[in-house]
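Report on the structure given below.
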Amino acid sequence: MAKRSELGVTPQSEDFSAWYNELVLKAELADRGPVRGTMVLRPYGYRLWELVQAELDGRIKATGHENAYFPMLIPESHLRREAEHVEGFAPELAVVTHAGGHDLEEPLVVRPTSETVIGELFARWISSYRDLPLLMNQWANVVRWELRPRLLLRTTEFLWQEGHTAHASAEEAAAEVLTATRFYEEVARDCAAISVITGDKTPRERFAGADRTVTLEAMMRDGRALQAGTSHDLGTNFARAFDIDFTNAEGAVELCHTTSWGMSSRLIGGIVMAHGDDSGLVLPPVLAPFQVVVVPIGREGELAGVLEAARSLALDLAAAGIRVKVDERDHVSPGFKFNEWELRGVPVRIELGPRDLAASKATVAERLAQGREQVPLADVVPDMPARLDRIQQALLERSKRFREERTFSVESWGGLVEAVSVGFASALHCGTEECERRIQDETTATPRCIPWDAPEETGPCAACGKPSAYGRRVIFARAY
RNA sequence: CGGGGAGUGGCGCAGCUUGGUUAGCGCGCCUGCUUUGGGAGCAGGAGGCCGCGGGUUCGAAUCCCGCCUCCCCGACCA
């Protein structure tokens with residue numbers, strides 16, 4: 001039966017954290033690098049990231065943004081120009097002080113994000129209102145020294161996309177933040193099948209140097225929150241610090257309004273924790289490196305015919321645009337393969353053996369629903385797109401239901417404490433930093449966002465009883 | 001930085017308390033045969049400076065001192 005040592009993982013209910021750590025390694029998504037906190041994305045995990053990238057990149061380009069690449073090393077003095085920004089990042093910086101065999105005159109910071117370099121270049125490139133808006137994006141790695149790393153979720157180096165734009169007016173910048181937020185929602189919902197809550201960050205939780213930060217918060221299967229994407233309205237803060245200005249149509253010089261927005265490889269960790277179960281990963285079909293795996297079954301003598309049928313089926317599936325793999329390994333048993341592909345979260349498994357072929361059928365098993373069914377061979381390919389789509393929808397539904405069932409409207413301190421121990425608390429809040437801090441200190445929960453879709457509401461703060469701020473409820477949760 | 005745990009073939013571990021043969025087990029790996037519809041079986045085989053440095057001792061994986069690294073839990077964060 002179960003041999004946890006090789007393919008099995010600790011059950012979620014027993015130890016969610018151990019479940020996650022074991023799964024990421026055993027499913028071969030990622031591994032640890034030689035430097036503490038660094039991460040290797042293995043081919044399976046990287047493929048997942050590439051699929052996220054493709055979805056995101058298409059949306060970024062479709063909304064008029066262009067990709068570019070900016071350098072990883074930033075002069076330390078540059079970072080200092082925006083006061084709040086440095087302050088926010090100072091503890092996490094990796095600094096190069098020695099290079100080319102000498103101590104450097106000025107230390108170089110390995111980018112924790114690129115607002116400062118890009119700001120510098122934007123200032124050079126923008127002079128007229130005709131140069132605006134400037135809509136740019138880069139795919140890059142960034143380094144933030146993490147005290148407590150976790151694979152995919154919090155590593156010292158990670159991959160992301162960072163959009164940076166400059167606009168002539170505050171209104172345009174505000175609209176840009178919404179544009180970015182919209183495609184993050186699409187990627188989370190329509191690709192990752194993760195239901196998210198979109199809203200504003202409270203002042204204390206805002207990005208260092210931003211006037212406004214919008215976030216997408218997802219719920220993991222342990223009830224904790226994960227920020228799936230974020231976009232910032234930087235106002236004129238960086239424009240002022242980096243002299244990003246332009247001459248308007250009337251001949252007057254004005255500061256630009258800039259934005260930045262990012263989604264990172266952390267989303268992969270989010271997919272693991274939003275959908276996975278005790279058997280392993282459950283990948284959404286849209287992003288699964290393999291949407292279908294075909295496992296040929298047969299004894300010697302029968303196997304040649306089975307393999308031929310399996311390959312032919314796979315070719316037809318591939319021709320229909322489906323990512324498919326035939327597991328032709330002959331040194332592991334079919335049973336082993338079933339378990340392994342379940343661990344790796346492949347949405348659909350097709351078992352093909354002599355019995356199936358004799359009946360002109362295939363045995364189809366879905367990862368999410370478990371269970372098996374016999375499908376006429378001729379129907380397998382034509383039915384597959386709808387099947388994958390149905391699975392995708394079911395996953396999203398489950399994600400949504402799970403979050404809703406674990407989100408509680410609370411009116412008191414006790415209610416808040418109880419709610420954040422299992423999920424999200426929706427509460428009126430006074431909006432003071434002291435109260436936020438007290439909640440964090442005593443429950444480890446933080447305000448995740450002020451949801452856009454929450455109805456207007458006022459009343460006493462659930463934590464301290466003072467009058468509420470924001471005009472609506474705030475979501476509190478423990479977060480990754 | 002605080003608290004906890006661990007470093008022994010590729011992986012997971014035992015051995016250490018109470019020093020003493022050739023350092024053992026499971027998994028994986030290699031070869032052969034038999035197998036193949038939910039983690040295959042048998043036989044044979046390869047693979048170890050027991051984290052590093054010092055010390056005690058006739059003798060150290062085991063005892064003592066120092067150091068390093070990793071993991072988990074908390075404080076900072078996409």
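Worth saying up front: this structure is predicted, and the values here are computed from it rather than measured. Residue numbering restarts at 1 for every chain, and letters A, B, ... go by the order of the sequence lines.
Nucleic acid contact class of A:Arg329 (heavy atoms, under 4.0 Å, all strands): none. Nucleic acid contact for A:Pro354: base, since at least one base atom lies under 4.0 Å from a heavy atom of the residue.
Evaluation of atom-type donor-acceptor distances gives no pair under 3.5 Å for the side chain of A:Arg372 against the base of B:G37.
Taking atom NE2 of residue A:His331 and atom P of nucleotide B:U31, one finds them 11 Å apart after rounding to whole Å. For A:Lys361 and B:G37, the NZ to C1' distance is 16 Å, given to the nearest whole Å. If you measure from atom CZ of A:Arg299 to atom C1' of B:U35, you get 9 Å, rounded to the nearest angstrom. The CD1 atom of A:Ile297 sits 7 Å away from the P atom of B:G38 (whole-angstrom rounding). Summarising the geometry, the separation between CG on A:Asn339 and C1' on B:C27 is reported as 15 Å, rounded to the nearest angstrom.
Within the 4.5 Å cutoff, the side chain of A:Thr213 has no heavy atoms near those of the A:Ser231 side chain. With contacts defined as side-chain heavy-atom distances shorter than 4.5 Å, the pair A:Arg144/A:Arg111 does not qualify.
Rounded to whole Å, the separation between the C1' atoms of B:G32 and B:A46 comes to 15 Å. Separating the C1' atom of B:A61 from that of B:C50 is a span of 5 Å, rounded to the nearest Å. Rounded to whole Å, the separation between the C1' atoms of B:G12 and B:C71 comes to 15 Å. For the C1' atoms, the distance from B:U57 to B:C11 is 36 Å, rounded to whole Å. Nucleotides B:C25 and B:C65 have their C1' atoms positioned 33 Å apart, rounded to a whole Å. Taking atom C1' in both B:G59 and B:U22, one finds a spacing of 16 Å when rounded to whole Å. Rounded to whole Å, the separation between the C1' atoms of B:C16 and B:G7 comes to 14 Å. Taking the P atom of each, B:G45 and B:U8 are spaced 26 Å apart, rounded to whole Å.
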Listed pairs under 3.5 Å, donor-acceptor, residues 294-313 of chain A side chains, sequence neighbours left out:
unit_1   : atom_1 : unit_2   : atom_2 : d
A:Glu302 : OE1    : A:Arg299 : N      : 2.7
A:Arg311 : NE     : A:Glu328 : OE2    : 2.7
A:Arg311 : NH2    : A:Glu328 : OE1    : 2.8

For residues 260-274 of chain A, tabulate all N or O donor-acceptor pairs below 3.5 Å that involve a side-chain atom, not counting sequence neighbours.
unit_1   : atom_1 : unit_2   : atom_2 : d
A:Ser260 : OG     : A:Glu115 : OE2    : 2.6
A:Trp261 : NE1    : A:Glu176 : OE2    : 3.3
A:Trp261 : NE1    : A:Thr259 : OG1    : 3.3
A:Ser264 : OG     : A:Arg266 : N      : 3.0
A:Ser265 : OG     : A:Leu159 : N      : 3.2
A:Ser265 : OG     : A:Leu159 : O      : 3.2
A:Arg266 : NE     : A:Leu153 : O      : 3.0
A:Arg266 : NH2    : A:Leu153 : O      : 3.1

Enumerate, atom names and distances included, each donor-acceptor pair closer than 3.5 Å involving a side-chain atom of residues 27-39 of chain A, sequence neighbours excluded.
unit_1  : atom_1 : unit_2   : atom_2 : d
A:Arg36 : NH2    : A:Leu147 : O      : 2.8
A:Thr38 : OG1    : A:Val35  : O      : 2.6

Per-nucleotide protein contact along nucleotides 71-78 of chain B, 5' to 3', at a 4.0 Å heavy-atom cut-off (B base, S sugar-phosphate only, - neither), is SSSBBBBB
Annotated structure of RNA chain B as dot-bracket, pair cut-off 3.5 Å, Watson-Crick or G-U only, | for inter-strand, is ((((((((.[[[[.)....(...]]]].((((((.....)))))).....[[[[[..)....]]]]])))))))....
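For residues 276-304 of chain A, every residue pair satisfying the ring pair (Phe, Tyr, Trp, His ring centres under 6.0 Å) rule, not counting sequence neighbours, is listed here: A:Phe290-A:Trp341.
For A:Glu342, taking side-chain heavy atoms from C-beta onward, the closest of the listed nucleotides B:G37, B:G38, B:C29 is B:G38.
Sparse packing is recorded around CD of A:Glu418, with 12 or fewer heavy atoms of other residues, nucleotides or ligands lying under 6.0 Å away. By the neighbour-count criterion of 12 heavy atoms within 6.0 Å, atom CD of A:Glu87 is sparsely surrounded, having that number or fewer from other residues, nucleotides or ligands.
A:Phe183 and A:His65 have perpendicular rings, their planes meeting at more than 60° on a 0 to 90° scale where under 30° would count as parallel.
The closest donor-acceptor contact from the side chain of A:Glu82 to the backbone of A:Glu84 lies under 3.5 Å.
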